[in-house]
Protein chains: 2
Amino acid sequence: MSNEPATEPRWLSDEEQYAWQCYLHATTLLEDHLDRQLQRDAGMPHVYYGLLVQLSRAPRRRMRMTELAQNAKITRSRLSHAIARLEKNGWVRRENCPSDKRGQNAHLTDEGMRVLEKAAPGHVAAVRAAIFDRLSTEQIGQLAEICQVMTEGLQPQGADLPWLR
Amino acid sequence: MSNEPATEPRWLSDEEQYAWQCYLHATTLLEDHLDRQLQRDAGMPHVYYGLLVQLSRAPRRRMRMTELAQNAKITRSRLSHAIARLEKNGWVRRENCPSDKRGQNAHLTDEGMRVLEKAAPGHVAAVRAAIFDRLSTEQIGQLAEICQVMTEGLQPQGADLPWLR
DNA sequence: GGAGAGTTATTTAAGTTTTAACAACGCCGG
DNA sequence: CCGGCGTTGTTAAAACTTAAATAACTCTCC
């Protein structure tokens, strides 16, 4: 077993390097932008908002911690902290899972639902303004396609597909 | 001056919503992946690595703090902390700016350069494996184009273009 | 049934990021 | 020259994330 690179590393071509710069700039700017927008208008960062969205779409607004973490692409640890905070806000409550004594369900409260409904229009508007009102229909399809390919390569091996929709 | 939305919010279409999910998943997975890869192989997160890259490309491996922050798309505060950490590692050193007594130059040390050179091949390989070896030439162009459009809408108004390359 | 292995969720500590406030300096106009 | 205003970079405190360790529970297999 050896660690040295099998060959001279294949560097990025000019086009690739350029695309990579563009990608990094765009994604960090967007994430920052959405974080600020939501922090200002809803009092929480983007990831936390995403958790509420997930819960709002789940049956009975409840979801097991692990499932929620997987859907949101975050670690269980991070989720624990996040839910603790959201619980303090009164937007989520924890419940013991009846079928598995280890388990917890995160439950979006009515108040959490209200907060979400109040924040959603502004958030959608921000997302629109940053992306979908700027791209052609064609480009939106291309973006989805590209991101799918990326995800395939990054998804932990054997992650249970189908993973979206 | 009123705050209510002028009209019913325009929600995302199915295609847009799908693309948005794909985007969020792909970008968070990639960022996590690169963070882990670099943490493991180079002892620093992706953003910090990006700072070293910027410095390595600058004349005399030096750059003013504000300029570095702008290029890396992070706040000056965040940069201060980051440079403090990198300085502790011996990879960067601060120097007073001769022309402006308020200013500081971040200087990539020889040791920092070695760390960077050692980490670069693995990092490029990871980026390749996640993106560029999976996308067609056409898609790479599309990605760059899309990210450019996004960036245009997010760049702080009047940011001094031309901003890349 | 029970040992061993895997799963679920949390906790602790360390590291990172954000926000707001601040000190120090440069620049411009009177 | 000097007062006001903008800039540069840092800092303190709070918030957030990560990594590793842990307690409690389930599952598998004999």
Side-chain angles (χ1 to χ4, degrees), chain A residues 28-29 31-40 42-51 62-89 92-107 156 158-160, chain B residues 28-29 31-40 42-51 62-89 92-107 156 158-160:
Chain A
T28 66
L29 284 176
E31 185 59 18
D32 286 7
H33 181 66
L34 294 182
D35 265 342
R36 296 235 174 79
Q37 186 265 318
L38 282 169
Q39 192 67 58
R40 182 165 45 74
M44 65 190 137
H46 190 202
V47 176
Y48 288 37
Y49 178 86
L51 296 176
R62 271 154 241 260
M63 212 182 290
R64 285 291 294 271
M65 295 294 279
T66 293
E67 189 188 353
L68 183 49
Q70 284 170 343
N71 288 359
K73 261 75 190 171
I74 62 177
T75 62
R76 282 183 308 244
S77 171
R78 187 175 175 181
L79 180 62
S80 269
H81 291 296
I83 293 292
R85 197 269 226 189
L86 292 172
E87 205 170 16
K88 247 183 235 168
N89 289 336
V92 169
R93 208 164 301 161
R94 280 183 234 246
E95 302 167 340
N96 293 326
C97 175
S99 59
D100 187 336
K101 281 177 192 166
R102 297 165 302 180
Q104 292 281 101
N105 278 321
H107 171 217
D160 36 18
Chain B
T28 66
L29 284 176
E31 185 58 19
D32 286 7
H33 181 67
L34 294 182
D35 265 341
R36 296 235 175 79
Q37 186 266 318
L38 282 169
Q39 193 68 58
R40 181 166 45 73
M44 63 189 139
H46 190 202
V47 175
Y48 288 37
Y49 178 87
L51 295 176
R62 271 154 240 257
M63 211 182 289
R64 285 290 294 271
M65 296 292 279
T66 293
E67 189 188 355
L68 182 50
Q70 283 170 344
N71 287 359
K73 259 78 190 165
I74 62 176
T75 61
R76 285 186 309 256
S77 171
R78 186 174 176 182
L79 180 62
S80 267
H81 291 295
I83 293 292
R85 196 267 224 190
L86 293 171
E87 204 170 16
K88 246 182 235 168
N89 289 334
V92 168
R93 207 163 302 163
R94 280 183 233 244
E95 301 167 340
N96 293 328
C97 176
S99 57
D100 186 335
K101 281 177 192 166
R102 296 166 304 180
Q104 291 281 99
N105 278 322
H107 172 218
D160 34 21

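FYI, side chains are in, hydrogens and waters are out, and symmetry mates aren't considered; it's all heavy atoms of this structure. Chain letters run A, B, ... following the sequence lines, proteins first and then strands; every chain starts at 1.
Residues satisfying the side chain to side chain donor-acceptor pair (under 3.5 Å) test with E87(B), not counting sequence neighbours, are R94(B). Remark: E95(B) engages R62(B) in a salt bridge (charged side-chain N to carboxylate O under 4.0 Å, His left out) (not counting sequence neighbours). In this view, Q37(B) and R40(B), D41(B), H123(B), A126(B) satisfy the side-chain contact (heavy atoms from CB on, under 4.5 Å) rule, not counting sequence neighbours. Residues that satisfy the side chain to side chain donor-acceptor pair (under 3.5 Å) test with E31(B), not counting sequence neighbours, are H46(B). Remark: R102(B) pairs with D100(B) by the side-chain contact (heavy atoms from CB on, under 4.5 Å) rule, at least two apart or across chains. For R36(A), there are no side chain to side chain donor-acceptor pair (under 3.5 Å) partners, not counting sequence neighbours. Partners of H33(A) under the side chain to side chain donor-acceptor pair (under 3.5 Å) rule, at least two apart in sequence or in another chain, do not exist in this structure.
Residues R85(B) and P45(B) come closest through the heavy atom pair NH2-CD, 3.9 Å. For the residue pair K73(B) and D32(A), the shortest heavy atom distance occurs at O-OD2, 3.9 Å.
Within the 4.5 Å cutoff, side-chain heavy atoms of I74(A) are placed close to those of L51(A).
Counting non-hydrogen atoms under 4.0 angstrom, T66(A) reaches the backbone sugars and phosphates but no base. Residue contacts shown for R36(A) are limited to sugar-phosphate atoms, with no base heavy atom under 4.0 Å away.
At least one side-chain nitrogen or oxygen of R94(B) sits closer than 4.0 Å to the OP1 or OP2 atom of dT10(D).
Here the C1' atom of nucleotide dT11(D) and the CG atom of L79(B) are 14 Å apart, to the nearest Å. Regarding R40(B), its CZ atom lies at a distance of 16 Å from the P atom of dT18(D), rounded to whole Å. Put simply, CD1 on I74(B) is 13 Å from C1' on dG9(D), counting in whole angstrom units.
Note: N105(A) CG to L68(A) CG = 10.0 Å, rounded to the nearest 0.5 Å.
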In residues 75-83 of chain B, what donor-acceptor pairs under 3.5 Å come from side-chain atoms, sequence neighbours left out?
unit_1: T75(B); atom_1: OG1; unit_2: R78(B); atom_2: N; d: 3.1

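Comparing the end axes of the helix from dG1(C)-dC30(D) to dG30(C)-dC1(D), each fitted to five base pairs by superposing C1' atoms of four pairs onto the next four, gives an inter-axis angle of 20° (nearest 10 degrees).
Atom CZ of R93(A) has 12 or fewer heavy atoms from other residues, nucleotides or ligands within 6.0 Å.
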Could you run through nucleotides 21-29 of chain D and give me one letter per nucleotide, 5' to 3': B if any protein heavy atom sits under 4.0 Å from the base, S if only the sugar-phosphate is that close, - if neither?
---BBS---
Once each nucleotide of nucleotides 12-17 of chain D is scored for protein heavy atoms under 4.0 Å, what B/S/- sequence comes out, 5' to 3'?
B---SB
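Bracketed by its first and final contacts, the part of DNA chain C lying under 4.0 Å from non-hydrogen atoms of chain A reaches from dG6(C) to dT19(C) in 5' to 3' order.
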